[in-house]
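A short write-up of the structure that comes next.
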Protein chains: 2
Amino acid sequence: MQTDTLSATFAALADPTRRAILARLSEGEASVSELAEPFSMSLPGISKHLKVLESAGLISRSRNAQWRPCKLETEPLKAVAGWLEGYRAMWEDRLDRLEAFLKLTDPNAREH
Amino acid sequence: MQTDTLSATFAALADPTRRAILARLSEGEASVSELAEPFSMSLPGISKHLKVLESAGLISRSRNAQWRPCKLETEPLKAVAGWLEGYRAMWEDRLDRLEAFLKLTDPNAREH
DNA sequence: CCATTATTTAACCAATAAGCTAATTAACTG
DNA sequence: CAGTTAATTAGCTTATTGGTTAAATAATGG
């Protein structure tokens, strides 16, 4: 994994299991075994995924007796959103042009 | 690389060289050697990165004589933005609470 | 202290990624 | 056709990833 945080974030997000874990955590904190429950994967497998998410800063872990509840952390997601903003104009611009095109080729428009 | 497109997109974005290439392409089309120029990497190395970007749908390639100009494609970025939207409320909510907190502890506010 | 539950660590494996150099393909140019 | 420029493919190496099972650690409860 690379050293910069954005790369670490994207790498962490590039796995459907990890994204599903984040989705689950967006509904509230959960223990490791709760998070593992929907998957056919072994518990150590989940544990590894959590480690990746944690080192990317996407989750934090506290402690409650023998449970280690995980919590979603949004900072890295904000960073991704910030990075994306640099490109948003590009696709919105394109959408504008598509709309213009549709208007030109719109049968209703042609009638006039 | 995984089969789902969102994973492929995130994986493609998880590399600073590839993100730099996209940034360059956001200013307009460019040939492979133009894209390679700012990097110390070998040309085949860049070629591989472009292949990753292309198979993630983040760029498309046309042909102009012996050049193969690359163009940024925004669909996958839109998909990422869409995915992110599911989490935006989370950090904006947090920001609201931070603002409330700052208001409470604001020296000016305390004077009254 | 012993057993149970929750989780992590260790050790391993197979597949993939990221880089290189050398060779090849493709297209233009004299 | 020969030479040059642009880019890709092949083949290799090394490191990382994503998964496994088995063993270890941590905390609770009787």
Side-chain angles (χ1 to χ4, degrees), chain A residues 1-22 24-25 28-72 76, chain B residues 1-22 24-25 28-72 76:
Chain A
M1 198 172 293
Q2 295 82 212
T3 47
D4 67 298
T5 63
L6 205 47
S7 295
T9 303
F10 279 128
L13 295 176
D15 182 287
T17 302
R18 288 195 290 261
R19 290 198 307 278
I21 288 172
L22 292 182
R24 165 65 187 80
L25 288 177
E29 298 195 14
S31 70
V32 176
S33 25
E34 282 170 346
L35 290 172
E37 196 272 325
F39 303 100
S40 56
M41 197 178 300
S42 71
L43 214 56
I46 298 292
S47 200
K48 273 196 178 181
H49 280 305
L50 292 175
K51 198 172 208 170
V52 172
L53 289 169
E54 186 180 28
S55 57
L58 283 159
I59 66 168
S60 61
R61 288 191 267 192
S62 52
R63 178 158 255 185
N64 176 10
Q66 66 256 237
W67 293 273
R68 251 135 287 193
C70 298
K71 182 163 145 273
L72 181 64
Chain B
M1 197 173 292
Q2 294 83 209
T3 49
D4 67 298
T5 63
L6 204 47
S7 295
T9 303
F10 280 128
L13 295 176
D15 183 286
T17 302
R18 288 196 289 260
R19 290 198 306 280
I21 288 172
L22 293 182
R24 166 64 187 80
L25 288 177
E29 299 196 12
S31 70
V32 175
S33 27
E34 282 170 347
L35 290 172
E37 196 272 325
F39 304 101
S40 56
M41 196 176 303
S42 71
L43 212 56
I46 298 292
S47 200
K48 272 197 180 180
H49 281 306
L50 293 176
K51 199 172 207 169
V52 172
L53 290 170
E54 186 179 30
S55 57
L58 283 159
I59 67 169
S60 61
R61 287 191 268 191
S62 52
R63 179 157 254 186
N64 177 8
Q66 65 256 238
W67 293 273
R68 252 134 287 191
C70 298
K71 183 164 144 270
L72 181 62

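We use all heavy atoms of the structure for the numbers below, so side chains are in, but hydrogens, waters and symmetry mates are not. Each chain gets a letter, A, B and so on, in the order the sequences are listed, and its residues count up from 1.
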C:dT5 P sits how many Å from A:Arg68 CZ, rounded?
16 Å
Which nucleotide wins on minimum distance to the side chain of A:Ser42, given the candidates C:dT8, D:dT21, C:dC28?
D:dT21
Side-chain heavy atoms of B:Leu53 within contact of B:Leu25, under 4.5 Å:
no
From the list D:dG18, C:dG19, D:dA10, which nucleotide is the closest neighbour of the side chain of B:Asp15?
C:dG19
For A:Trp67 and D:dT28, give me the distance from atom CH2 to atom P, rounded to whole Å.
9 Å
N or O in side chain of B:Ser33 less than 4.0 angstrom from D:dA6 OP1/OP2
no
Assign each of A:Asn64 and B:Leu43 the nucleotide of DNA chain D bearing its closest heavy atom; nearer the 5' end lies the nucleotide of B:Leu43
What is the distance from NZ of A:Lys51 to P of C:dT8, rounded to the nearest Å?
9 Å
Can you check the B:Arg63 CZ to D:dA7 C1' distance for me, whole Å?
9 Å
Return yes if some donor-acceptor pair links the side-chain N/O of A:Arg18 with the main-chain N/O of A:Ala12 below 3.5 Å, else return no.
yes
Can you tell if the side chain of A:Leu50 reaches within under 4.5 Å of the side chain of A:Arg61, non-hydrogen atoms only?
yes
Answer yes or no: is there a donor N or O on one side and an acceptor on the other, between the side chain of B:Arg68 and the main chain of B:Gln66, under 3.5 Å?
yes
Whole angstroms only, please: what is the CG-C1' distance between A:Leu50 and C:dA6?
13 Å
Length of the line joining B:Glu54:CD and D:dA7:C1', which is rounded to integer Å:
13 Å
Gap between atoms CG and P, on A:Leu13 and D:dT17 respectively (whole Å):
14 Å
Can you tell me how far C1' of D:dT9 sits from NZ of B:Lys48, to the nearest Å?
10 Å
Let me see the working for B:Arg19 and A:Asp4 under salt bridge (charged side-chain N to carboxylate O under 4.0 Å, His left out), right down to the final yes or no.
CA-CA 12 Å; B:Arg19 290 198 306 280; A:Asp4 67 298; 2.7 Å; yes
With sugar-phosphate meaning primed atoms plus P, OP1 and OP2, does A:Ser31 contact a base, only sugar-phosphate, or nothing at under 4.0 Å between heavy atoms?
sugar-phosphate
Hey, is the side chain of B:His49 poking within less than 4.0 Å of OP1 or OP2 on C:dG19, counting only N and O atoms?
yes
If you assign each of B:Ser47 and A:Gln66 to its closest nucleotide in DNA chain D, which residue comes earlier from the 5' end?
B:Ser47
